[in-house]
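The structure appears below as structure tokens.
Numbers restart at 1 for each chain; the letters A, B, ... are given by sequence-line order, proteins then strands.
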Amino acid sequence: DAKTTQPTSMDCAEGRAANLPCNHSTISGNEYVYWYRQIHSQGPQYIIHGLKNNETNEMASLIITEDRKSSTLILPHATLRDTAVYYCIVENTGTASKLTFGTGTRLQVTL
Amino acid sequence: EAGVAQSPRYKIIEKRQSVAFWCNPISGHATLYWYQQILGQGPKLLIQFQNNGVVDDSQLPKDRFSAERLKGVDSTLKIQPAKLEDSAVYLCASTHPIGHPNTGELFFGEGSRLTVL
């Protein structure tokens with residue numbers, strides 16, 4: 001059963017912020033939110049993860065709502081190289097990590 | 001730091017033939033995964049190893065798929081006999097041992113693309 005819901009596809013103009021939403025209304029207290037992306041013909045790549053607080057790294061920012069039922073991945077200045085499928089995953093990785101991928105959001109960055 | 005190495009990158013076989021894929025994880029990564037990704041879908045976990053032991057193989061079709069990690073380092077995934085529906089990319093990933101604070105950060109190889117005719 002899917003733990004997350006994401007839009008199938010999104011477009012973003014190069015240089016603008018890309019905001020990718022994810023709903024995870026059944027998330028439990030010990031589950032983290034992970035984001036991965038997969039560029040064409042490559043393996044998935046880890047982006048960021050969080051539990052409750054907002055997180056930022058060199059690639060992106062993760063905003064998690066206070067009730068933790070949804071989150072948004074923000075790519076602050078999208079480039080053509082950010083065109084990829086973005087996966088939002090909810091998982092308890094405290095014990096044995098076993099990430100379950102859905103179908104993700106296909107982000108197309110355009111000129 | 002060297003990434004996860006996989007071979008071969010591409011393989012074309014006929015149905016009922018056998019095929020084997022090899023994976024060498026990042027040095028020091030005790031946990032290794034094999035995922036199957038069918039075109040248009042997200043990766044699906046087939047098997048997870050912790051060192052040379054199997055943690056989870058509940059989604060591995062054991063009548064035709066087998067995997068081993070004998071010395072707890074590199075791993076081999078075998079399919080015998082192959083079916084048309086096994087056409088997919090087979091992704092290997094590794095991460096830190098269970099109990100490490102960031103076990104959810106998986107490092108994936110580029111995958112092995114299998115076409116079954």
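- B/L106 touches chain A through backbone and side chain together, each having a heavy atom under 4.5 Å away.
- Across A/G104, A/P44, A/G43, the residue that shares the most heavy-atom pairs under 4.5 angstrom with chain B is A/P44.
- In this structure, chain A has no heavy atom under 4.5 Å from any part of B/Q6.
- B/Q17 and B/Q80 share no donor-acceptor pair across their side chains, judged by distance under 3.5 Å alone.
- With a 4.5 angstrom heavy-atom cutoff, B/E105 touches chain A via backbone and side-chain atoms both.
- Looking only at heavy-atom pairs under 4.5 Å with chain A, the residue among B/G109, B/P43, B/G111 that has the most is B/P43.
- The CD1 atom of A/I63 sits 9.5 Å away from the CG atom of A/L73 when rounded to the nearest 0.5 Å.
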Exercise for review: Report the C-alpha separation of B/F108 and B/Y35 in whole Å, then their side-chain angles, then the decisive distance to 0.1 Å, and conclude whether the side-chain contact (heavy atoms from CB on, under 4.5 Å) test is met.
Suggested key: CA-CA 10 Å; B/F108 283 83; B/Y35 280 83; 3.9 Å; yes
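- Shown here are the ring-ring contact (aromatic ring centres under 6.0 Å, His included) partners of B/Y90, two or more places apart in sequence or in another chain: B/F21.
- The side chain to side chain contact (heavy atoms under 4.5 Å, CB included) with A/S61 is formed by just one residue from the set A/L75, A/N54, A/I48, A/T56; it is A/T56.
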